[in-house]
Each structure stands twice: as C-alpha cells, then as structure tokens.
Protein chains: 2
Amino acid sequence: MTDTRPLRADAARNRKLLLAAAADEFAEHGLDASVADIARRAGVGKGTVFRHFATKDELIAAILIDRMEALSELGERLYESGDAEAALREFLTAAAMQRQERDLSFLAAASASMPEVNRARERMFAAIDRLVDRGRERGAVRDDVTGADVFLLMCAPNYVAGYVPNASPDLWRRYLALILDGLRPEGARPLPEQAPELD
Amino acid sequence: MTDTRPLRADAARNRKLLLAAAADEFAEHGLDASVADIARRAGVGKGTVFRHFATKDELIAAILIDRMEALSELGERLYESGDAEAALREFLTAAAMQRQERDLSFLAAASASMPEVNRARERMFAAIDRLVDRGRERGAVRDDVTGADVFLLMCAPNYVAGYVPNASPDLWRRYLALILDGLRPEGARPLPEQAPELD
DNA sequence: CATTAACCGGACCGTGCGGTCAACTTGCTA
DNA sequence: TAGCAAGTTGACCGCACGGTCCGGTTAATG
C-alpha cells in the first residue's frame, strides 16, 4: 500500500493472470464465482489469490478500479476531441465493450464503501459529467439529462442483452443505440422525478 | 399439481405469507437471500417452506409465475383499450411497480428451463408483442423496435434506479420515461444489430 | 367430540464456500 | 553462487447454506 517495492517477476505475472481469470469467471458465473475456480483458471493455487488480494471483495475492487481508471482516462481524452456527440457515444461504447459483453456492474455492490473504489468512481463520474455537460450545451443531449443519468445508464445495454441466451456478442450495441436516441433532444418529453445526486 | 384438492386453511395462509416474504427478502438481498431468513420473515419454520416448495428454485418460480400471469392479464386487457401508446406505457409502468422498486429479473435465471415458468413467460411475451405491434402500426413506436426489445428493456428502469443508494422510490419512472422516448419514432436513427429472436 | 390426514417446526446433515497456515520453492542481490 | 526474503501451495478450518426428517400439532369430517 504505502511501500511500493516492485513485485517479483512471477508475482507480477500471477497478479495479471488472476485479474483476467477473475473477470472471466465473474462474467460467466456472476458474483458466486468461487475463489477456487478463479485460481484454477489462472493456473495458480488458492493461497496465491489471498496473497495478492486479502479478501474476495478486494479482488473485485481491483478489477473495478482497473476498468474505471481506464474509462476515466478515455473520458478525459475524449473531452479534448471536438465532436461532443461522438465523444459520448464512443465513451459508452468503450464502457460496454470493456465488460466482455456481460454486465459486470453487480460487482460494484460487493466493493462499495472501499475508499479506493470510491475515488476511482468519482473520477470516472467527473469525466462523464463533463462529457454530458458539454453535450447538453451543444444540443447533442437533451436539457433534462445529467451526468448521473448517463453514469447509471452506462451498464444497461449489457444488462439488457445479457438476458438473451445465444445472443450476438454485439447485441448490446442495439440497446446502446436505443438509449442514445432517448438521450437526444429530438422528440424528448419532460422527464419525471429529479435526477439523482450521486454523493 | 394434478390433484387440486384445496389446501387446508393454515396451509393456504402460510403459502401466501411465504410468497410475500420471499419477494421482500429477494428484493433486499438478491438471490442470496436464505431460505431460513424467508421463513423467519414469514413467521414459519424452515420445514414449512420446503413443504410448499420442494426447492428454493421452485419458490422463485412461483413468484415469477404469479407476477408474469398478472402482467399477461393486464397486457391482454390493455390491448382492448383504445390508446396504443398509453397502453404500452401503462404496461411498463405496472411491470416496474410490481417489482417493489427493485429489479427482480435476476430471479429469472434461477428458474429458467422450468416448463411452467416458460409457459408464463411465453404468454407474457405474446401480450407484449401484440401491444408493440399495434403501437408500431399506429406510429407510437418506431419501425425497427420489436416486442422482444421491449420485453428485454422492461426491467431496465428498476435495474438502473437500483444503483442509487437512497433514491426516491419513484426514480425508476425517470428511466422508464427516457427509454420510452427512445422507443418513439421521433428522432430515431436506425438501430444496429438485428432484434433478437426469443424462442 | 373423536379420528385422522395434513401440516408444522426446528434439530440435524452434507456440501461448498471464503479464508488460514506452515512447509516448500524460487527469483533477486551482494 | 550462496543466502534469503518473497512467493507459492494445497490441506485444513469454521461457517452458513439448501435440504431432510420425524415427533408434535391442528384443521377438517362424521
């Protein structure tokens, strides 16, 4: 945590293997994926998992932080680009692709209230907020939609597509497009309920 | 199942108590809600649960069937009404309210491939399909949206709102309205990916 | 009111989980 | 290349879960 001595070569490799195996396993079996299965998939012993991540929740948190940091960087980069509408679309597309065509948002519940996760989430939220604000100013996003709305809707395409048994792996694109159409000003009717405050 | 001798009075009462308690418990704790907790909440012993439902999955299936049948009836009744757009909106509103402001769709996974559940699901799907077809004919629904799309999007408002910690219990209405805006023809851009075939 | 089949309850069982630990192996460094 | 801290491993632990079972209880029937 504080002392950042570099990991030994095999340890660093195993850590990456574990994160990848865990993401796959969670995508296939949900939160119930067992640590033993994750270890087997990564080709290591179960003890190794707990050497790297003190608890299962910490492993989940590590996956979440990785992904949210990557999305934050992308969001910040897209803010530099010119096209407000394309930026938002690309951001949401990247968010959906990152989840291996499977909604992984359920992981968030397991590691809520871990400070590092919260920090990563706040950074990502800020990036989204800026993209949405700019989109609203340029007329690409309807007036009554906020960053919090988009933040919440981010996982919906994967969630929806996840209920189709043998779906095309790109089915989520259909529902992302549908939601994006709902976010645009054309044909918008005033939304009920106030937009939620996040934090 | 085949012999439908009426339940004894106490048994019938306990069955209802159990279904209600189970729905509440699942809403609060997800699929991991324990049978013991459900029994406690209903004020009965654990053995009673298994007398009524041979397995936890069967209990889940009973909840699902109850709700899907109710929605099917509503959908069929709304088809008789005149206003195609209002019918669809009311149907989706009722679907969301039934879930006690919480996405319960994860229950579907647990009891997929149970014939009775499938029959109830097919009936509900047919009801939705007719509502959507009519809506499309009358210009209330965009051309490229199918009943399967609406069926899949049905749970999304509760899902989305469920991630807000201390949300207004009606927050789902906001996201339902947003999705409904996306379903209308105004401002629609062609959707990518084919609509999925369900069964 | 007596009889009885249906119902109830909670102690009990096997299983699989997250997490621990002590013996063993291995990458680093001097 | 020797020494050792860091890393690895799988047997093991406690626990909570889904599900069973049987002695006690209760609602229906004549």
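Below, chain A is the first sequence line, B the second, and so on; all start at residue 1.
A salt bridge is defined here as a Lys NZ or Arg NE, NH1 or NH2 lying under 4.0 Å from an Asp or Glu carboxylate O, and B:E186 with A:R142 fails to meet this definition. The pair B:R136-B:D133 meets the salt-bridge criterion, with a side-chain N (NZ, NE, NH1 or NH2) lying under 4.0 Å from an Asp/Glu carboxylate O. Taking 4.0 Å as the cut-off between side-chain N and carboxylate O, A:R40 and A:D37 count as a salt-bridged pair.
Across C:dG9, D:dT8, D:dG18, the shortest atom-to-atom separation from the side chain of A:A11 is found for D:dT8.
Rounded to whole Å, atom P of C:dG16 lies 15 Å from atom NZ of A:K56. Here C:dG19 presents its C1' atom at 14 Å from CD1 of A:I38, a figure rounded to the nearest Å. Taking atom CG on A:D57 and atom P on C:dG19, their separation rounds to 7 Å, with Å as the unit. When rounded to the nearest whole Å, the span between CZ of A:R40 and P of C:dG18 equals 12 Å. Taking atom CZ of residue B:F26 and atom P of nucleotide D:dG18, one finds them 8 Å apart after rounding to whole Å. Atom CG of A:L18 and atom P of D:dG7 are 13 Å apart (whole Å). For the pair B:L17 CG and C:dC7 P, the interatomic distance rounds to 15 Å; values are reported in whole Å. When rounded to the nearest whole Å, the span between CG of B:D32 and C1' of C:dG16 equals 14 Å.
No side-chain donor from either of A:D57 and A:T55 sits under 3.5 Å from a side-chain acceptor of the other. Side chains of A:Y163 and B:S105: a donor on one and an acceptor on the other come within 3.5 Å.
At the heavy-atom level, A:T48 lies under 4.0 Å from base atoms of the strands shown. Note on A:A12: nothing from the nucleic acid sits closer than 4.0 angstrom, heavy atoms only. Looking at heavy-atom distances under 4.0 Å, A:V44 makes contact with sugar-phosphate atoms alone, never a base.
In this pair, B:F125 and B:F151 present their aromatic rings perpendicular. The plane angle is above 60°, beyond the 30 to 60° band.
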Once base and sugar-phosphate atoms are separated, protein heavy atoms under 4.0 Å mark nucleotides 20-30 of chain C, 5' to 3', with B, S and - as B-----BSS--
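Contact annotation: A:T55 reaches the phosphate of C:dG19 (side-chain N/O to OP1 or OP2, under 4.0 Å). Contact annotation: B:H52 does not reach the phosphate of C:dC7 (side-chain N/O to OP1 or OP2, under 4.0 Å). Close to C:dC7, at under 4.0 Å from its OP1 or OP2, lies no side-chain N or O of B:N14.
Every residue was checked against the salt bridge (charged side-chain N to carboxylate O under 4.0 Å, His left out) condition with B:D83, not counting sequence neighbours, and none meets it.
Proximity of B:S72 to B:I128: side-chain heavy atoms (C-beta onward) are nowhere separated by under 4.5 Å.
Direction change of the helix axis from one end of the helix from C:dC1-D:dG30 to C:dA30-D:dT1 to the other is 20°, with five pairs defining each end axis (rounded to 10°).
Of the residues B:R134, B:R138, B:R184, the one that meets the salt bridge (Lys or Arg N to Asp or Glu O under 4.0 Å) test with B:E85 is B:R184. Tested against B:I179 for a side-chain contact (heavy atoms from CB on, under 4.5 Å), the candidates B:L153, B:L92, B:V150 yield a single pass: B:L153.
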